[in-house]
Amino acid sequence: MKMTYREAVRQAMREALAADPRVFLMGEDVGRYGGTYACSKGFLEEFGPERIRDTPLSELGFVGAGIGAALGGLRPIVEVMTVNFSLLALDQIVNTAAALRHMSGGQFSVPLVLRMATGAGRQLAAQHSHSLENWYAHIPGIRVLAPATIADARGMLAPALADPDPVVIFEHAQLYNLEGELPDDWHCDIASAAVRREGTDISLITYGGSLPKTLAAAEQLAAEGIQAEVIDLRVLRPLDTDTLAASLRKTHKAVVVDEGWRSGSLAAEVMARIVEQCFFDLDAPVARVCSEEVPIPYAKHMEEAALPQVPKIVAAAKQVTGK
Amino acid sequence: MIQPPSGPVPWDKDFAQKLLFDMLRIRRMEEKCAELYGAQKIRGFLHLYIGEEACAVGALHAILPEDNIVATYREHGHALVRGVSMDVIMAEMFGKAAGCSRGRGGSMHLFDAATRFFGGNAIVGGGLPLAIGFGLADKLQKRQVVTACFFGEGAMAEGAFHESMNLAALWQLPVLFCCENNLYAMGTALARSEAQTDLCAKAASYAVPTLKADGMDVVAVHEAMKLAVAHVRDGLGPFFLELQTYRFRAHSMFDPELYRDKAEVEEWKTRGPLHTFSARLKAEGKLTEEEFLVFDAQANAEVQAAVEFAEAAAWEPVEDLLKDVYSP
């Protein structure tokens with residue numbers, strides 16, 4: 001069945017709300033507005049204002065309330081419009097949700113799902129265009145997901161809700177309008193990376209909004225005789241290093257593509273793991289394509305220049321493969 | 001503002017003595033903690049509650065086992081009165097595996113699922129949004145439960161306080177906000193940090209009913225708390241209670257107390273909750289000096305046993321370091 005990424009997110013939430021009365025959706029404009037990205041359009045009428053709960057502009061408060069509600073026996077899906085706004089709630093996410101299980105000696109787990117949009121590409125300038133997934137991936141105690149396909153947008157929510165620990169889901173804003181076929185079996189785990197394209201010459205490792213660009217780059221490379229394997233990390237914490245290592249043992253070369261800024265990026269962590277685990281399998285230094293180190297600018301040509309793009313990925317792969 | 005009843009202690013002898021005994025247990029436990037800190041048996045930050053005992057004791061004797069408690073980093077007294085055993089509290093402060101948080105939390109992070117004691121929070125105001133969530137969960141699941149959230153007046157400068165008050169009032173949640181106003185946020189006096197020093201006025205701006213009580217008087221605290229709890233349990237929405245109190249000790253063991261006069265501390269000590277309440281009970285014929293001495297000896301014996309328990313308890317094996325980061 002053909003559908004958009006948005007529709008996949010929507011179906012996943014609708015199914016979760018229908019299946020379990022403990023599940024409720026809370027966030028800014030999720031109700032009457034229908035969701036900033038229209039992912040909950042019509043839900044208010046279908047499930048009522050108790051379970052489709054519009055919140056004030058109060059990220060710290062309602063994210064913390066989500067944690068308390070999870071501890072109190074509910075299964076909240078808390079939508080923080082964009083990652084930029086989630087910074088206002090960082091205290092509750094990092095100091096409470098992620099730490100509570102450990103600092104209580106294992107007494108309390110926090111079955112909270114936190115959803116937010118991330119990423120650039122819509123000329124929204126610095127404060128609405130950041131990719132801060134790696135900040136969250138740094139924190140022990142939370143699971144961080146980045147669905148990059150329609151199937152994952154459809155399949156990741158149910159296991160995230162079933163997880164007793166807090167799960168943060170990043171939906172790249174550029175993906176909502178992505179359209180494609182939802183495979184019959186869209187169920188997935190939230191532990192492993194996925195091989196999106198088989199290849200033998202180089203591993204292109206990416207996640208989220210950079211996956212379509214990386215797949216496009218792989219097609220261009222194929223036309224030039226380079227068979228790239230494309231790995232979608234999908235789970236940014238804990239990282240599935242085994243899938244990376246298996247790919248590297250086959251291709252012996254890698255480029256990491258990450259919309260985060262280069263310094264301290266998730267790409268840096270992936271490179272470090274490759275070096276730690278696959279150093280003797282490598283035929284060339286590992287390269288990366290990240291965002292330029294600048295707050296994302298508004299003007300279209302400048303924004304495009306700041307972000308990873310297909311030609312940059314192709315160029316990096318050719319350099320690493322020496323072709 | 002609702003006024004708690006004045007006049008003689010409105011309780012029977014047993015209940016009055018029980019509350020006195022609980023204040024004594026906190027006092028003796030914490031005096032020992034200070035000593036053990038000096039001996040380096042307890043490390044990290046240690047925030048003592050000495051002087052404020054009437055607040056936890058008066059308040060927590062007004063709530064039920066199914067209610068939720070959220071507290072701050074000055075929570076030893078709350079945990080103890082709530083029913084967490086002194087043994088496991090002490091073991092936690094020693095960092096032992098037998099501690100109520102398996103030695104992972106320490107003084108600032110006492111937790112106990114069995115008594116619905118949810119911290120223990122080292123972030124000022126950090127517990128307030130959690131309390132909102134408990135209130136929401138109870139309301140949606142139609143449980144007649146009260147969430148009592150304790151915090152200091154310093155937390156009222158945080159956005160978390162305002163966001164939480166707004167949500168509680170907007171959604172009419174069963175949350176009881178218990179502000180223990182001890183006048184100093186670490187070393188910053190209320191008047192030096194807040195434009196509005198009338199805390200009830202601040203809370204009332206969210207259309208939440210408020211009540212002010214003498215936090216040095218366990219009778220005033222308990223009677224005020226009963227009114228507040230009844231309001232919340234009856235489904236009438238949140239309530240804000242200000243307990244005006246004072247800590248006799250420094251903010252933490254690292255605090256040289258440069259910000260307040262010794263004379264001010266001495267003045268407040270004349271209102272100390274233990275001796276004023278015991279004197280009042282004696283005057284009303286509800287306590288003898290002999291009974292007081294027996295209680296004191298019992299409290300000291302409990303402390304001694306707790307220290308021995310903590311000393312003898314095992315350290316958690318380092319192999320378990322990564323346990324309980326994620327659920328198994």
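Each chain gets a letter, A, B and so on, in the order its sequence line appears, and its residues count up from 1.
Heavy atoms closer than 4.5 Å to chain B are found nowhere in A:L88, neither backbone nor side chain. With a threshold of 4.5 angstrom between heavy atoms, A:I139 approaches chain B through N, CA, C or O but not through any side-chain atom. Using a 4.5 Å cut-off between heavy atoms, A:R51 does not touch chain B at all. No part of B:L173 comes within reach of chain A, as not one of its non-hydrogen atoms sits under 4.5 angstrom from that chain. Only the side chain of A:T96 comes within less than 4.5 Å of a heavy atom of chain B; its backbone N, CA, C and O stay farther away. In this structure, chain B has a heavy atom under 4.5 Å from the side chain of A:Q92, while its backbone stays farther away.
Of all non-hydrogen atoms in B:R102 and A:G105, the two that sit nearest each other are CD-O, 2.9 Å. Between A:R143 and B:Y326, the closest heavy-atom pair is N-CE2, 4.2 Å.
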Could you walk me through whether B:L140 and A:R53 pass the side chain to side chain contact (heavy atoms under 4.5 Å, CB included) check?
CA-CA 12 Å; B:L140 292 186; A:R53 188 166 285 264; 3.5 Å; yes
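The residue among B:D112, B:D138, B:N68 with the most heavy atom pairs within less than 4.5 Å of chain A is B:D112. Of the listed residues (B:G126, B:A97, B:G120), the one with the most heavy-atom contacts under 4.5 Å to chain A is B:G126. Across A:P164, A:A99, A:P76, A:P238, the residue that shares the most heavy-atom pairs under 4.5 angstrom with chain B is A:P164. Heavy-atom pairs under 4.5 Å with chain B were tallied for A:G66, A:S109, A:P56; the largest tally goes to A:P56.
Separation of atoms NE2 (A:H102) and CG (B:L321) is listed at 6.5 Å; rounding is to 0.5 Å. Once rounded to the nearest 0.5 Å, the distance linking CG of A:D54 with CG of B:L170 reads 10.0 Å. Remark: A:S58 OG to B:N166 CG distance equals 6.5 Å, nearest 0.5 Å. Taking CE of A:M103 as the reference point, atom CE of B:M108 lies at 9.5 Å (rounded to 0.5 Å). Note that CG of A:N95 and CD1 of B:I123 are 4.0 Å apart. Values are rounded to the nearest 0.5 Å. Of the inter-residue distances, the one linking B:F117 atom CZ with A:Q107 atom CD reads 11.0 Å to the nearest 0.5 angstrom.
By the 30° and 60° cut-offs, the orientation of the rings of A:F108 relative to B:F111 is perpendicular.
The number of heavy-atom neighbours closer than 6.0 Å to CZ of A:R14, taken from other residues, nucleotides and ligands shown, is 12 or below. Crowding of A:E46 atom CD: a count of heavy atoms from other residues, nucleotides or ligands under 6.0 Å exceeding 12. The environment of A:W135 atom CH2 is sparse: at most 12 non-hydrogen atoms of other residues, nucleotides or ligands sit within 6.0 angstrom.
Tested against B:E163, the residues A:L60, A:T55, A:L57 include a single side chain to side chain contact (heavy atoms under 4.5 Å, CB included) partner, A:L60.
Formation of a donor-acceptor pair under 3.5 Å by the A:D165 side chain with backbone atoms of B:S327 is found in this model.
By the 4.5 Å heavy-atom criterion applied to side chains, B:P129 and A:V63 are not counted as neighbours.
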